[in-house]
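Presented below is the structure to which this report refers.
A note on names: the letters A, B, ... follow the listed sequences, proteins ahead of strands, and every chain is numbered from 1.
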Protein chains: 2
Amino acid sequence: MAKAMTEDSLAEAIAYELRREILRGNLPPGAPIKERDNAERQGVSRTPMREAIRILAKEGLVQLRPLRSPVVADPSLSEIIDQIRVLHALELLSGELACEKASDDEIARIGSLKDRIENIYGEADTLDVFELDMQFHSAIVAASHNAALAETHGAYMARLWRARYLSARRRLSRDRVLRQHKAIHAALARRDANAIKAEIAAHLGAMIANIEDHFREAGNDERG
Amino acid sequence: MAKAMTEDSLAEAIAYELRREILRGNLPPGAPIKERDNAERQGVSRTPMREAIRILAKEGLVQLRPLRSPVVADPSLSEIIDQIRVLHALELLSGELACEKASDDEIARIGSLKDRIENIYGEADTLDVFELDMQFHSAIVAASHNAALAETHGAYMARLWRARYLSARRRLSRDRVLRQHKAIHAALARRDANAIKAEIAAHLGAMIANIEDHFREAGNDERG
DNA sequence: CTTGCGAACTTGGTATACCAGACCAGCTAC
DNA sequence: GTAGCTGGTCTGGTATACCAAGTTCGCAAG
């Protein structure tokens with residue numbers, strides 16, 4: 001994964017790094033993100049750090065509280081499921097639109113992403129697999145040729161990154177995920193809107209099941 | 001509409017005022033939003049003004065450009081339709097969930113909002129009607145008991161406020177809008193998910209038609 | 001008259017300093 | 001011993017100063 005230090009602004013670069021810290025778990029849910037401390041640690045001033053925190057807050061990874069330190073978001077199971085439901089609706093729309101508007105090149109690219117994920121799944125760093133998986137889904141969204149949809153979908157993917165990370169670590173889900181990716185790509189290649197919607201529903205349903213399992217196992221230590 | 005000067009931060013209050021300026025048309029699409037000038041005009045420093053601009057940018061009302069002044073967003077017809085498609089998907093989900101989860105009280109409140117809109121439609125200030133209409137739709141979303149959905153839906157409502165404003169000024173659409181509101185409420189009262197989805201689809205379809213008409217009439221003066 | 005170069009101004013980006021409110025610890029008075 | 005106040009300290013919020021990059025306009029040379 002390429003570094004993102006070439007971002008337009010410092011704030012975005014900081015947000016990128018902070019995001020990875022959060023998703024990797026170095027900054028666990030509930031941890032405070034103090035403007036001063038973090039700014040000093042990363043060697044920047046508070047201004048861009050502040051803006052970076054706002055970016056992550058808008059994405060839902062960080063929770064702002066009036067007159068308190070922002071904290072890493074610690075969504076409950078029900079909140080995560082709510083978010084997945086929205087993501088689901090967005091992906092259904094993108095699947096439908098993609099069947100209608102995707103170019104053959106775009107479909108081919110989606111297919112090659114599917115193949116790459118198959119090849120590295122279970123071998124490479126989980127976070128890297130994730131960025132590929134995100135590219136797979138984002139490519140479908142991009143193929144729908146709807147900028148607003150792409151933007152909102154991207155925000156939800158980032159917001160659910162941690163949940164998806166936890167979900168994907170469940171080994172039993174591996175084959176299912178790969179099979180579903182294949183089915184989604186096949187439906188898109190046939191431009192079969194109903195089929196792709198069904199496959200996407202199954203894909204998201206599996207994700208919910210995984211996350212429910214995770215919460216059940218991990219115990220609901222002071223969660224809601 | 002009550003003032004929002006009681007917001008947590010100055011930036012949010014500025015964002016609120018700026019948003020109204022944009023939606024009222026005092027700041028027309030394409031107008032530059034210079035940090036220094038606007039900050040001075042409103043008597044604040046650049047810092048909160050900057051943050052306010054970022055808030056509006058995230059909402060899509062303002063467009064940020066690297067190394068250029070931000071400008072009031074001037075979406076093309078196709079971009080607006082793309083956004084409405086997303087809004088449509090969100091409202092379908094909210095209608096479906098609301099049928100399942102809404103309390104009787106919530107449904108009653110939605111009904112009373114519908115009645116209030118009927119009563120003042122065409123008489124009160126258009127912007128006020130709009131905030132009521134927004135409350136009607138937001139109440140349905142709230143009744144779906146999905147915080148993420150509510151948040152994203154609210155962002156799209158704000159983003160499309162101007163387009164909806166232009167759409168609703170078309171007198172011919174008045175009766176249709178009121179009838180559709182009534183049908184949506186009735187379907188919700190029956191908890192008929194399929195019916196509410198059909199009605200919402202019609203509602204959004206009418207909105208697209210109105211906006212297409214507007215663009216056709218207004219001429220595509222240097223629009224994309 | 002045209003064209004190329006450069007300086008000044010305008011812009012957003014960043015750093016720093018200051019402010020006010022909230023929280024906490026320790027002391028004091030009952 | 002405990003409850004309540006009070007000072008210090010930590011926090012985010014705001015203002016301001018500085019910087020670098022881009023645009024523009026004017027002047028001079030051809």
Identify whether the distance between the nearest side-chain nitrogen and carboxylate oxygen of [X] and [Y] falls below 4.0 Å.
X: A:Lys101; Y: A:Glu106; result: no
X: B:Glu151; Y: A:Lys58; result: no
X: B:Glu131; Y: B:Arg20; result: yes

On the nucleotide [N], are OP1 or OP2 found under 4.0 Å from the side-chain N or O atoms that [X] carries?
X: A:Ser69; N: D:dC10; value: no
X: A:Arg54; N: D:dG12; value: no
X: B:Thr47; N: D:dT16; value: no

Please classify the nucleic acid contact of [X] as base, sugar-phosphate, or nothing, using heavy-atom distances under 4.0 Å.
X: A:Leu64; value: nothing
X: B:Ile53; value: nothing
X: A:Arg65; value: nothing

For [Y], does its backbone N or O pair with a side-chain atom of [X] as donor and acceptor, under 3.5 Å?
X: B:Ser94; Y: B:Glu91; result: yes
X: A:Ser138; Y: A:Met134; result: yes
X: B:Gln42; Y: B:Ala39; result: no

Report task. Hey, can you tell me if A:His137 and A:His203 have their rings parallel, tilted or perpendicular (30° and 60° cut-offs)? Result ->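 Because their plane-to-plane angle is under 30°, the rings of A:His137 and A:His203 count as parallel.
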Taking atom [atom2] of [N] as reference, at what distance in whole Å does atom [atom1] of [X] sit?
X: A:Glu51; N: D:dG13; atom1: CD; atom2: P; answer: 14 Å
X: B:Arg50; N: C:dT14; atom1: CZ; atom2: P; answer: 7 Å
X: A:Lys34; N: C:dA22; atom1: NZ; atom2: C1'; answer: 14 Å
X: A:Ile14; N: C:dT14; atom1: CD1; atom2: P; answer: 8 Å
X: B:Leu10; N: C:dG21; atom1: CG; atom2: P; answer: 13 Å
X: A:Glu35; N: C:dA20; atom1: CD; atom2: P; answer: 18 Å

Please list each protein N or O that sits under 3.5 Å from an N or O in nucleotides 17-24 of chain D, with the distance.
from	atom 1	to	atom 2	distance (Å)
D:dT23	OP1	B:Arg68	NH1	3.0
D:dT23	OP1	B:Arg68	NH2	2.2

Report task. Check B:Glu51, B:Glu35, B:Glu40 against B:Arg46 for a salt bridge (Lys or Arg N to Asp or Glu O under 4.0 Å) and give me the one that passes. Result ->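 When salt bridge (Lys or Arg N to Asp or Glu O under 4.0 Å) is applied between B:Arg46 and each of B:Glu51, B:Glu35, B:Glu40, only B:Glu35 qualifies.
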Query raised in the report: Using the C1' atoms of the five pairs at each end, what is the angle between the end axes of the helix from C:dC1-D:dG30 to C:dC30-D:dG1, to 10°?
Result: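 One end's axis against the other's: 20°.
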Query raised in the report: Strictly by modelled atom types, are B:His181 and B:Asp133 linked by a side-chain donor-acceptor pair under 3.5 Å?
Result: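 B:Asp133 and B:His181 do have a side-chain donor-acceptor pair below 3.5 Å.
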Query raised in the report: Are A:Arg162 and A:Tyr165 in a cation-pi setup, meaning NZ or CZ lies under 6.0 angstrom from the ring centre and within 45 degrees of the ring axis?
Result: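 Ring-cation test returns no.
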Query - Contact summary for B:Leu64 and B:Ala57, nearest pair of heavy atoms - result: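 Heavy atoms only, the tightest pair is CD1-CB, 3.6 Å.
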Report task. Give, for atom CD1 of B:Ile33 and atom OG of B:Ser69, the distance between the pair rounded to the nearest 0.5 Å. Result ->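 Between B:Ile33 CD1 and B:Ser69 OG, I get 9.5 Å after rounding to 0.5 Å.
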Report task. Enumerate the residues from residues 38-45 of chain B whose closest heavy atom to DNA chain C is under 4.0 Å, giving them by residue number; use none for an empty result. Result ->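 Close to the strand, none.
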